[in-house]
Participant: 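This structure is in structure tokens; I'll ask about it shortly.
When a ligand or atom number is given, it counts from 1 through the structure's own listing order.
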Amino acid sequence: MCGILGIVLADQSANVAPELFEGAMYLQHRGQDAAGIVTCGSRGRLYQCKGNGMARDIFNEQRMANLIGNMGLTHLRYPTAGSSAGSEAQPFYVNSPYGISLSHNGNLVNSLDLRKYLDETVHRHINTDSDSELLINIFASELERFNKSRVNNADLFSALEGTMKHVRGAYACVAMLAGYGIIGFRDPNGIRPLLYGERKLANGKSDYMIASESVVLKAHGFDNFRDVNPGEAVIILKDGSKPEFKQLVEPKIFAPDIFEYVYFSRPDSVLDGVSVYHSRIEMGNKLAAKVANFFTDKKITDEIDVVIPVPDTARTSALQCAVSLNIPYREGFVKNRYIGRTFIMPNQQERRSSVRRKLNAMESEFKGRTVLLVDDSIVRGTTSKEIVQMAREAGAKKVYFASCAPPIRFNHIYGIDLADTKALVGFNRDEEEIAKVIGADEVFYQDLQDLIDCCKSDTIKQFEVGVFTGNYITGVEDNYLQELEKIRAQNQRIRDAKKGLSVDACIDASDMVDVKAEVDISIYNRGDYA
Ligand SMILES: *[C@@H]1O[C@H](CO)[C@@H](O)[C@H](O)[C@H]1NC(C)=O
């Protein structure tokens with residue numbers, strides 16, 4: 001999963017880089033692995049700045065001063081399969097034809113075929129394991145077919161149509177053609193989110209933005225916005241003239257990834273017409289009903305003393321769950337905001353797990369009580385286990401654990417690199433066995449249909465829910481999952497090797513254990529809402 005952003009300013013003499021950077025701050029939760037900005041100045045010259053780490057560390061004042069031009073792209077990378085551990089940061093760039101840059105959010109599932117095609121048929125060199133590099137090269141090869149010295153919108157649209165016929169999987173993208181304009185497009189299932197917006201200026205002209213989440217558009221005063229439709233593209237010319245939209249392929253079943261609502265997006269975003277915040281409130285209501293149902297004949301207030309959220313994503317649902325059950329809600333875990341990735345000095349023993357460094361249990365809220373902990377999901381179970389243990393150490397009498405999402409039993413293949421199937425606590429285990437593994441007295445999982453009901457709207461009735469069912473909306477090639485596991489193992493080896501080096505030894509080894517410990521998406525953005 002990644003954050004992407006593209007802006008064209010109507011004022012040709014203005015520099016867009018400060019806004020691209022500001023926007024990155026609103027999308028940082030979508031990826032802290034690497035960040036990049038590329039801008040396009042006069043005479044089509046591209047200027048870029050990319051690096052591994054957080055946006056605020058990469059884009060300093062001096063580097064920003066070099067980013068010239070009124071249009072550009074931002075990318076924030078989440079460590080998805082193939083893209084992490086040492087590969088290049090995005091936006092990707094190919095010089096032929098015309099100079100193309102691309103920011104991609106998602107994951108392609110026919111990467112082996114694409115790799116073969118690019119090599120054997122169109123003879124393009126691919127230098128990394130990243131499927132985004134495949135995507136930009138497919139687009140470039142489609143555009144090359146016209147064999148023109150200059151292209152127009154119609155050419156771009158038909159090259160994108162060709163691209164969509166080649167690639168399979170999830171992709172929300174912003175691309176930039178040097179000296180021409182920026183292009184937004186979204187896969188035919190609309191798995192990853194993408195929005196387009198306009199900011200009207202006093203002089204009658206407009207600036208335009210394409211972004212992963214509505215919060216960026218809103219924060220930057222782009223009030224007139226809408227979602228890019230599945231299989232649709234939009235081209236915004238550098239001169240800021242009226243953008244052109246085109247439906248390129250028949251939309252398939254509109255199925256946004258439900259994980260955006262459960263965990264990934266900011267609560268203040270509205271994606272495909274559905275408020276993330278409201279979907280999480282509904283998740284709390286449905287979860288409460290599930291818990292109440294378990295204790296059918298008993299009085300719920302005799303069974304549970306207090307509802308406690310696992311910060312931060314689950315807060316919204318946990319509070320609503322407590323309200324719905326008429327049980328007190330308490331903040332039992334306090335987050336240490338300033339723990340990001342911490343340094344380990346060579347030879348230093350790790351004394352505390354990364355979960356314990358990030359969360360502190362308040363004894364007063366646990367002592368002698370039966371607690372219902374609420375989290376957004378359970379992935380490997382390592383974090384949940386630690387949290388249950390912390391609750392017990394703080395004196396909890398009984399610990400129930402509720403998850404806003406159903407059991408995760410399968411790989412996530414569209415850009416949220418959760419874990420290999422076998423590493424998931426839900427793999428081949430029923431709920432009772434999962435409770436035993438994480439040490440809880442009982443686990444309560446949201447039913448899938450309930451979760452879908454929390455997120456659906458008039459336009460979206462279906463979601464990508466492959467992590468729960470194993471049925472993926474685009475289907476997968478037979479060997480794709482094995483390939484994914486191979487790349488993950490390779491990335492792990494690279495990380496392990498880095499741990500031995502003094503320079504890069506600053507990445508906390510235990511932070512790699514669980515994606516939710518590894519990528520602390522709440523510390524920098526969401527934590528401030530609490
Ligand atoms: C591409 O265009 C050039 C110049 O117009 C022409 O000489 C060349 O033969 C064309 N190539 C192909 C493969 O059509």
Participant: Only one of L9, T74, V8, D207 passes side-chain contact (heavy atoms from CB on, under 4.5 Å) with V16; say which it is.
Facilitator: L9

Participant: Less than 3.5 Å apart, any donor N or O on the side chain of E133 or T128 sitting next to an acceptor on the other?
Facilitator: yes

Participant: Using the ring of F245 (Phe, Tyr or Trp, six-membered ring only), decide whether R226 places NZ or CZ under 6.0 Å from its centre and within 45 degrees of its axis.
Facilitator: yes

Participant: Looking only at the aromatic ring of each residue, does the gap between the centers of Y78 and F264 stay below 6.0 angstrom?
Facilitator: yes

Participant: For ligand 1, give me the residues whose heavy-atom distance to it is below 4.0 Å, by chain and number please.
Facilitator: N147

Participant: State, without any angle test, whether S265 and E260 hold a side-chain donor-acceptor pair at a distance under 3.5 Å.
Facilitator: yes

Participant: Let me know which of N105, N52, I4 forms a side-chain contact (heavy atoms from CB on, under 4.5 Å) with R77.
Facilitator: N52

